[in-house]
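Here the structure comes first, spelled out in structure tokens, and everything after it is commentary.
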Amino acid sequence: MRVLVVEDEEFLAGMIAEGLRRDAVAVDIAPDGPTALEKLRFGAYDVMILDRDLPGLHGDEVCRQVVGARLLTRILMLTAAGTVRDRVAGLGLGADDYLTKPFAYDELLARVLALGRRSRPALPPVLERAGLTLDTARRQVCRDGRFLSLSRKEFAVLETLLRAEGAVVSGDDLIEEVWEEDTSYRTNAVRVTLSKLRTKLGAPPVIETVPGAGYRIGDGPVGSTGSGTALRGTGSTAPLPGIGSGTSLPGTGSATP
């Protein structure tokens, strides 16, 4: 999942981002409205956490433009104004949810994850494939009943591959979903993270490399018969070629840094 935090208070924005990253969420930060709109123009975000009381271009106007552009990004509006009238006004602008300051991080996380699920095709909170079970709410992963300790990036990569339901996910798609935009080494990071993830998942391997296309998790271990390759976003399948084998915010779940 990819989240844009639009907040002019640098400390608060940093704390929100730190907490979400601990929970395997890719986060970018925009300190004002124009920067947020620029990031939305060139990047796809599942959720935008939007401070309503931004200086310059007000958060209300940012919300109007995002809704008017028919972006799929879900909007969680933050504000210190917590009256019923304020909440109704914010939701009337097209925001999907509303949270008043101060707030508990656990509630923010729960709302972000819920909005993220709404920005994609509906899938169950527990993803299962090829002997793998990933619980998105508890942030837990197990293979054939054996619990695994994954870093937040490994967890996010595995979740992205499982959500594809057997389709090929390109390296660019993984970068877009998992890594922040200011990570200069992202292409190499995909290979390194996949290598570590494959090691932790153990044998037999379940993550296939599809030459020239990307990666997928099929119905069973790599090399099992009867499986085809579906390209993400298409319904087509093709035979698979042979493949070798200070203030801290509370984190939740078992994904470790």
Side-chain angles (χ1 to χ4, degrees), residues 1-5 13-29 43-47 49 105-106 108-110 112-113 116-117 120 123 125-164 168-209 214-217 221-222 245-257:
M1 182 186 300
R2 193 176 181 87
V3 172
L4 177 62
V5 176
M15 294 297 285
I16 292 173
E18 179 184 351
L20 291 175
R21 287 167 182 157
R22 287 177 181 172
D23 285 291
V25 177
V27 183
D28 293 325
I29 298 175
Y45 294 92
D46 298 294
V47 178
I49 300 174
Y105 170 75
D106 285 349
L108 173 74
L109 175 64
V112 167
L113 294 178
R117 289 192 294 269
R120 311 162 181 252
L123 285 173
V126 177
L127 307 175
E128 296 180 302
R129 193 174 191 87
L132 297 170
T133 301
L134 184 146
D135 189 324
T136 59
R138 294 183 175 86
R139 318 305 284 177
Q140 293 178 340
V141 176
C142 64
R143 181 176 187 184
D144 298 326
R146 175 175 59 93
F147 282 93
L148 306 174
S149 178
L150 304 183
S151 73
R152 59 186 179 87
K153 292 301 184 189
E154 292 162 357
F155 185 96
V157 167
L158 182 61
E159 180 180 359
T160 301
L161 292 173
L162 288 173
R163 285 189 179 278
V168 173
V169 181
S170 71
D172 287 342
D173 284 339
L174 284 175
I175 289 172
E176 184 70 24
E177 288 284 340
V178 177
W179 276 269
E180 292 80 13
E181 64 179 6
D182 58 351
T183 306
S184 59
Y185 55 88
R186 292 184 295 177
T187 301
N188 186 57
V190 171
R191 292 192 293 267
V192 172
T193 302
L194 277 166
S195 176
K196 292 180 178 179
L197 177 58
R198 282 169 162 149
T199 298
K200 290 183 179 181
L201 293 178
V206 292
I207 299 178
E208 303 175 5
T209 299
Y215 311 91
R216 73 184 290 265
I217 295 178
V222 175
S245 14
T247 300
S248 61
L249 292 176
T252 61
S254 62
T256 58

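What you see is a predicted model, and the numbers here were worked out from it, not measured in a lab.
Under the 3.5 Å distance criterion, with hydrogens and angles disregarded, a donor-acceptor pair is assigned to the side chains of Arg198 and Thr209.
Contact of the Val141 side chain with the Glu159 side chain is not registered, since no non-hydrogen atoms from C-beta on lie closer than 4.5 Å. For the pair Phe155/Asp23, no side-chain contact is recorded, criterion being any heavy-atom separation below 4.5 Å from C-beta on. Put simply, the side chain of Thr136 does not reach to within 4.5 Å of the side chain of Met1, judged on heavy atoms. Between Ile16 and Val3, every side-chain heavy-atom pair lies at or beyond the 4.5 Å cut-off. Val27 has its side chain out of reach of Tyr45: every pair of non-hydrogen atoms, C-beta onward, lies at least 4.5 Å apart.
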*Report the C-alpha distance between Glu177 and Asp46 in whole Å, list the side-chain angles of each, state the deciding distance to 0.1 Å, and finish with yes or no for side-chain contact (heavy atoms from CB on, under 4.5 Å).*
CA-CA 9 Å; Glu177 288 284 340; Asp46 298 294; 4.1 Å; yes
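Rounded to the nearest 0.5 Å, atoms CD (Glu176) and CG (Asp173) are 8.0 Å apart. Remark: Thr133 OG1 to Asp144 CG distance equals 8.5 Å, nearest 0.5 Å. Interatomic distance, CD1 of Ile217 versus CG of Leu134, reported as 9.0 Å (0.5 Å rounding). Summarising the geometry, atom CG belonging to Leu162 is positioned 12.0 Å from atom CZ belonging to Arg216; distances are rounded to the nearest 0.5 Å.
Listed by chain and residue number, Lys153, Glu154, Val157, Trp179 satisfy the side chain to side chain contact (heavy atoms under 4.5 Å, CB included) test with Thr193 (two or more places apart in sequence, or in another chain). With sequence neighbours excluded, the residues satisfying salt bridge (Lys or Arg N to Asp or Glu O under 4.0 Å) with Arg129 are Asp219.
The backbone N or O of Ala156 lies less than 3.5 Å from a partner atom in the side chain of Thr160, making a donor-acceptor pair.
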